[in-house]
There are 2 protein chains.
Amino acid sequence: MSEFAGVTVVREANIYFNGAVASHTVLFPDGSKKTLGIMQPGEYTFNTGAAELMEILTGELDLQLAGETGWRRIGGGQSFEVAANSSFTMKVQTVADYCCSFLA
Amino acid sequence: MSEFAGVTVVREANIYFNGAVASHTVLFPDGSKKTLGIMQPGEYTFNTGAAELMEILTGELDLQLAGETGWRRIGGGQSFEVAANSSFTMKVQTVADYCCSFLA
């Protein structure tokens with residue numbers, strides 16, 4: 001378990017796909033941002049603005065980045081990066097707890 | 001939208017009911033604690049240790065506190081308190097975003 005100290009948290013959740021994906025925004029003193037979220041099983045495509053580092057804390061999903069043809073399995077303890085102004089699709093197999101860092 | 005500044009957030013989610021209810025813990029400088037969470041539709045019974053103030057930010061649920069026989073509808077913008085060492089059951093009708101404050 002780890003903690004982020006000295007941060008600001010937005011009370012209201014970010015809700016996607018009717019709540020099947022939901023996250024809370026954490027703002028850091030250096031101006032950076034992370035979201036802490038939960039994904040229910042299902043298939044979801046997200047577009048990126050900034051590049052993102054997705055850390056999967058628990059759960060299991062299949063990942064396809066934009067331009068890829070295959071899928072790769074990502075499990076708890078693994079992470080992946082998504083380029084800026086791109087997209088990625090996840091087939092979430094078991095409820096996934098994640099930490100998404102928005103990269104400068 | 002509101003924010004909690006100068007707090008500590010636990011990175012890993014609290015997962016209940018196979019992730020149908022999940023929350024993130026926020027720790028305040030005064031030692032108090034809140035959790036920010038999301039509930040998928042379904043029926044859930046929780047036991048309390050400390051008394052709790054549950055603020056429903058969005059969504060809709062039917063609530064029954066321990067010892068009650070009926071149900072009352074709670075919607076976004078409404079809240080309810082649960083006594084210490086008690087329990088409550090929620091029938092969540094639409095995905096609910098909540099803020100739970102643990103009362104001293």
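Every chain is numbered from 1 and lettered A, B, ... according to where its sequence line falls, protein lines coming before strand lines. Atoms considered below: every heavy atom in the structure, side chains included; atoms not considered: hydrogens, waters and symmetry mates.
By number of non-hydrogen pairs under 4.5 angstrom with chain A, the leading residue of B:G19, B:S2, B:G6, B:P29 is B:S2. By number of non-hydrogen pairs under 4.5 angstrom with chain B, the leading residue of A:T94, A:V7, A:V26 is A:V7. Of the listed residues (B:M1, B:E12, B:E3), the one with the most heavy-atom contacts under 4.5 Å to chain A is B:E12. For the set B:L27, B:V95, B:N18, B:V10, the entry with the most heavy-atom pairs within less than 4.5 Å of chain A is B:V10.
Residues of residues 36-62 of chain A placed with any heavy atom under 4.5 Å of a heavy atom in chain B are listed by number as A:L36, A:G37, A:I38, A:Q40, A:E55, A:L57.
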Tabulate below the donor-acceptor pairs under 3.5 Å that side-chain atoms of residues 96-104 of chain B make, not counting sequence neighbours, or state none.
{"from": "B:D97", "atom 1": "OD2", "to": "A:A13", "atom 2": "N", "distance (Å)": "2.9"}
{"from": "B:S101", "atom 1": "OG", "to": "B:K34", "atom 2": "NZ", "distance (Å)": "2.9"}

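Taking hydrophobic clusters as Ile, Leu, Val, Met, Phe, Trp and Tyr residues chained together by side-chain heavy-atom distances below 4.5 Å, A:V21 shares a cluster with A:L65. Taking hydrophobic clusters as Ile, Leu, Val, Met, Phe, Trp and Tyr residues chained together by side-chain heavy-atom distances below 4.5 Å, B:W71 does not share a cluster with B:I74.
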